[in-house]
Amino acid sequence: MSSDTNYEPIDFVLFGTNGDLARRKLLPSLYQLEKAGLLHEGTKIIGVARQEHTPESYAELVKENFLKFAGESLCDDTWEKFVARLDYAQVDMRSHNDYAKLSEHVNADRVMVCYFATPPSIFGDICRGMNAAELIDDSVRVVLEKPIGHDLASSKVINDQVAEFFEERQIYRIDHYLGKETVLNLIALRFANSIFATNWDHNCIDHVQITVAESVGIEGRWGYFDDAGQMRDMVQNHLLQILSLVAMEPPSTLAASNIRDEKVKVLKSLRPIDSSNINENTVRGQYSGGFVAGKEVPGYLDEPDANLKSKTETFVAIKAEIDNWRWAGVPFYLRTGKRLPSKVSEVVIYFKRQPHNLFGDSFTSLPPNKVVIRLQPDEGVQITVMNKVPGLTSSGNMSLQKSQLDLSFSDEFADMRIADAYEKLLLEVMLGNQALFVRRDEVEHAWKYVDSILNAWKTCSEGPEPYQAGTWGPVSSIGLLARNNRSWYEGKVTRKKR
Ligand SMILES: NC(=O)C1=CN([C@@H]2O[C@H](COP(=O)(O)OP(=O)(O)OC[C@H]3O[C@@H](n4cnc5c(N)ncnc54)[C@H](OP(=O)(O)O)[C@@H]3O)[C@@H](O)[C@H]2O)C=CC1
Ligand SMILES: O=C1O[C@H](COP(=O)(O)O)[C@@H](O)[C@H](O)[C@H]1O
């Protein structure tokens with residue numbers, strides 16, 4: 001057994017097992033953990049939902065969904081082991097008396113991991129139901145999905161409901177970006193390499209760009225998305241988590257409390273954006289019809305079930321400032337949107353220009369070094385450096401050229417499968433390691449920052465600016481950088497064949 005299965009056997013209870021998230025992501029990820037030999041042999045998986053199922057019909061449903069969503073065929077040996085772990089409990093999650101039925105499927109002597117893959121509005125009911133059935137003790141861990149709440153106040157209500165029954169050390173708040181290999185690699189890059197560790201501050205860095213662009217629209221989730229918008233769906237969680245990892249001070253160890261302490265300090269240092277500075281620091285947009293990857297797509301207001309008057313933003317750009325010693329004067333530009341030209345997530349670090357140009361005519365001023373950390377797809381790291389063009393010209397008249405030092409994960413780790421974020425995070429919950437999960441104070445400071453922007457937007461007479469699907473958002477997002485003589489990185493990774 002590998003050390004990664006060196007944990008107690010677990011009763012993994014999946015509330016909302018018939019929902020979109022469970023079917024598309026969670027059950028296929030558990031299967032992949034099985035395939036990798038990372039599920040403890042004694043671990044059981046108990047799906048919970050309102051539908052009636054026998055263990056056999058539930059297993060059939062899991063299989064059907066796997067084949068539909070996982071993009072690969074089932075391996076017979078793996079499936080045989082996996083199916084033997086599956087069990088099902090029919091529970092109406094709102095009815096507290098119903099939870100006694102769950103007791104029959106779990107073993108009080110084992111660690112229970114309860115994944116709440118349901119809308120947050122029923123987290124409180126699940127806790128109360130479990131309590132009524134005396135299913136709660138010190139060893140239970142609960143996994144909560146994002147977004148926790150709609151704003152700071154509602155997130156407090158949800159967190160309080162859960163905190164009535166569980167200690168913070170038992171609560172695992174998921175932000176699936178924290179399970180992505182390349183997001184984790186930010187920690188390795190920063191703290192395992194002295195060339196970065198010693199240059200990572202306002203003395204050397206001019207600004208940072210974080211882009212999480214999606215080519216998809218709202219994927220039939222109008223009800224959820226129109227209520228949330230891109231700010232709550234993506235900025236409050238994924239983008240602010242990436243920003244925290246890029247900006248945090250070195251934690252003294254990789255222990256959960258040390259990493260989380262450092263991340264929360266960054267979130268607390270974000271300079272508030274409110275009605276006094278909203279226009280110069282934010283841009284919001286909403287897509288109209290257009291073409292993405294050559295295919296015609298409808299505008300946001302033409303999506304099925306759309307409310308034609310919706311002012312919900314599908315694009316956000318923010319100039320964020322971190323008021324601390326390390327980052328004084330270094331803006332972090334954040335940008336995320338639906339129906340942009342391609343799916344790409346990247347962090348780009350722009351270093352300061354050289355103070356003086358020795359190379360005269362080649363460049364009036366030398367271009368800055370850039371580190372592009374490509375989170376997805378084409379995961380890797382690319383560094384732009386200046387090089388001399390070979391040739392017999394006089395040394396006083398050398399020509400320079402920009403070149404790329406290029407580390408592609410797919411080349412470097414060609415034989416390794418990159419695991420889905422949920423696989424990583426599910427394993428971490430089973431191991432009982434909270435480092436890759438979001439602590440309550442992080443959620444609350446992120447909401448505080450985001451609420452202030454959302455409230456300021458409410459006072460603006462204009463709504464989101466339209467942008468055509470398949471473009472990089474409203475023109476004003478270019479202006480957000482251009483007024484400081486900067487522009488968004490729109491480089492393309494062109495890899496040399498090896
Ligand atoms: N889908 C996704 O890609 C993502 C989802 N999330 C979050 O994950 C969670 C689950 O999402 P998703 O799977 O899309 O949600 P769904 O709307 O598909 O709901 C999941 C399950 O919750 C149960 N449920 C819903 N409403 C009620 C209710 N009023 N009473 C009792 N049970 C109810 C249903 O169980 P039953 O089958 O018994 O009806 C349903 O199958 C949400 O918090 C969402 O925000 C986060 C990131 C991505
Ligand atoms: O949490 C969410 O993330 C997805 C994007 O995730 P990715 O792993 O595909 O980059 C987003 O589409 C969705 O709206 C949001 O809820």
Side-chain angles (χ1 to χ4, degrees), residues 14-29 47-53 58 61 65 69 88-96 98-99 101-102 115-126 128-129 142-150 154-155 158 162 173-183 210-242 312-316 336-340 342-346 374-377 379 418-425 438:
L14 181 49
F15 290 97
T17 190
N18 294 331
D20 180 69
L21 180 71
R23 291 185 298 131
R24 265 190 327 111
K25 288 285 185 189
L26 305 178
L27 286 159
S29 295
V48 176
R50 286 175 288 196
Q51 277 180 12
E52 200 179 326
H53 274 299
Y58 176 60
L61 191 73
N65 285 317
F69 295 112
Y88 181 81
Q90 182 186 9
V91 175
D92 178 347
M93 285 171 256
R94 289 227 184 256
S95 164
H96 303 166
D98 234 20
Y99 285 74
K101 290 193 221 156
L102 180 57
Y115 200 117
F116 295 0
T118 69
S121 53
I122 56 174
F123 290 177
D125 281 313
I126 301 178
R128 284 188 287 274
V142 290
V143 187
L144 310 185
E145 260 301 336
K146 64 120 260 211
I148 310 253
H150 194 254
S154 57
S155 85
I158 294 165
V162 178
R173 293 182 193 80
I174 288 253
D175 181 314
H176 76 273
Y177 269 61
L178 293 181
K180 290 185 190 268
E181 282 291 348
T182 41
V183 174
I210 300 175
T211 293
V212 179
E214 300 184 81
S215 54
V216 293
I218 52 163
E219 304 291 276
R221 293 199 291 158
W222 173 273
Y224 159 75
F225 188 85
D226 197 55
D227 202 30
Q230 195 72 353
M231 189 69 146
R232 295 185 177 92
D233 189 45
M234 297 294 287
V235 178
Q236 191 273 343
N237 32 79
H238 309 321
L239 277 95
L240 290 182
Q241 282 296 322
I242 297 172
T312 296
E313 78 290 348
T314 60
F315 175 96
V316 180
T336 179
K338 309 259 187 247
R339 288 289 188 222
L340 300 187
S342 53
K343 181 176 175 76
V344 51
S345 301
E346 64 202 0
R374 188 93 168 193
L375 306 178
Q376 63 183 20
E379 292 84 351
I418 295 190
D420 184 83
Y422 277 101
E423 293 171 37
K424 173 88 186 148
L425 295 175
V438 186

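Here, residue 1 is the first one in the sequence, and each next residue gets the next number. Whatever order the structure lists them in is the order used to number ligands and atoms, beginning at 1.
With hydrogens and angles ignored, the 3.5 Å screen pairs no side-chain donor or acceptor of Glu145 with any backbone N or O of Ala117. Counting only distance, with no hydrogens or angles, the side chain of Thr182 and the backbone of Leu375 share a donor-acceptor pair below 3.5 Å. A donor-acceptor pair is defined here as one N or O able to donate and one able to accept, closer than 3.5 Å; such a pair exists between the side chain of Gln90 and the backbone of Arg50. Listed for the Arg374 side chain is no donor-acceptor partner under 3.5 Å among the backbone atoms of Glu379. In this structure, the side chain of Arg232 engages the main chain of His150 through a donor-acceptor pair within 3.5 Å. In this structure, the side chain of Thr336 engages the main chain of Val212 through a donor-acceptor pair within 3.5 Å. At least one donor-acceptor pair under 3.5 Å links the side chain of Tyr99 to the backbone N or O of Met93. Without hydrogens or angle criteria, Arg23 side chain to Asn18 main chain gives a donor-acceptor distance under 3.5 Å.
Counting heavy atoms only, Ala117 comes closest to atom 10 (C) of ligand 1 of the residues Ala228, Ser95, Gly47, Ala117. The heavy atom nearest to atom 13 (C) of ligand 2, considering only His176, Glu214, Arg221, is found in Arg221. Nearest to atom 7 (C) of ligand 1 by heavy-atom distance, out of His238, Lys146, Arg94, is Lys146.
Between Asn237 and Tyr177 there is no side-chain heavy-atom pair separated by less than 4.5 Å. Side-chain contact between Lys343 and Val216: absent, with no pair of heavy atoms (C-beta onward) separated by less than 4.5 Å.
Shortest contact from atom 25 (C) of ligand 1 to any protein heavy atom: Pro119 CD, 3.5 Å. Nearest non-hydrogen protein atom to atom 40 (C) of ligand 1 is Gly19 CA, 4.2 Å. Ranking the protein heavy atoms by distance from atom 16 (O) of ligand 2 puts Asp233 OD1, 2.6 Å first. Annotation: atom 1 (N) of ligand 1 to nearest protein heavy atom, Asp20 OD2, 2.7 Å. Residue, atom and distance of the protein heavy atom nearest to atom 10 (O) of ligand 2 are Tyr177 OH, 2.4 Å. Among all protein heavy atoms, the one lying closest to atom 46 (C) of ligand 1 is Glu145 OE1, 3.1 Å. Nearest to atom 48 (C) of ligand 1 among the protein's heavy atoms is Leu21 CD1, 4.0 Å.
Here the straight-line distance linking atom CG of Asp98 with atom CG of Asp125 works out to 11.5 Å at 0.5 Å rounding. Rounded to the nearest 0.5 angstrom, Ser95 OG and Lys101 NZ are separated by 7.5 Å. From Asp226, atom CG reaches atom OG1 of Thr314 across 10.5 Å, with rounding to the nearest 0.5 Å. Put simply, OH on Tyr422 and CD1 on Ile174 are 6.0 Å apart, with the number rounded to the nearest 0.5 Å.
For the ligand labelled ligand 2, residue Phe225 lies outside the 4.0 Å heavy-atom shell. The closest approach between Ser121 and ligand 1 stays at or above 4.0 Å for every heavy atom of the residue. Residue contact check for ligand 2: Lys146 places a non-hydrogen atom closer than 4.0 Å to it. Taking 4.0 Å as the cut-off, Arg24 counts as a neighbour of ligand 1 on heavy-atom distance.
When each of Lys146, Gln241, His238 is checked for a side chain to side chain donor-acceptor pair (under 3.5 Å) with Asp175, only His238 meets the rule.
Of all the heavy atoms of Ile122, the ones lying under 4.0 Å from any atom of ligand 1 belong exclusively to the side chain. With a 4.0 Å heavy-atom cut-off, ligand 1 is reached by the backbone of Arg50 and by its side chain too.
Tyr88 and Thr17 share no donor-acceptor pair across their side chains, judged by distance under 3.5 Å alone. Between the side chains of Glu346 and Thr211, no donor-acceptor pair of N or O atoms lies under 3.5 Å.
Ligand 2 places these atoms under 4.0 Å from at least one heavy atom of Lys343: 7 (P), 9 (O), 10 (O). If you number the atoms of ligand 1 from 1 as listed, the ones under 4.0 Å from a heavy atom of Ala49 come out as 37 (O), 38 (O). Numbered from 1 in the order shown, with element, the atoms of ligand 1 that lie under 4.0 Å from a heavy atom of Pro120 read 43 (O). For ligand 2, the atoms closer than 4.0 angstrom to any heavy atom of Lys338 are 11 (C), 12 (O), 13 (C), 14 (O). The ligand atoms of ligand 1 that sit less than 4.0 angstrom from a heavy atom of Gly16 are 21 (C). Within ligand 1, counting atoms from 1 as listed, the ones closer than 4.0 Å to a heavy atom of Pro147 are 45 (O). Taking every non-hydrogen atom of Lys180 and a distance limit under 4.0 Å, the qualifying atoms of ligand 2 come out as 7 (P), 8 (O), 10 (O).
For ligand 1, the polar-atom distance check against Thr118 finds a nitrogen or oxygen pair separated by under 3.5 Å. Between Arg221 and ligand 1, a contact under 3.5 Å exists for no N or O pair. Close N/O approach between Tyr224 and ligand 1 is not found [any backbone or side-chain N/O within under 3.5 Å]. Polar contact with ligand 1: absent for Met93 (N/O pair, distance under 3.5 Å).
For atom 17 (O) of ligand 1, no protein heavy-atom neighbour is found at a distance under 4.0 Å. Distances from atom 43 (O) of ligand 1 to the protein include at least one heavy-atom value under 4.0 Å.
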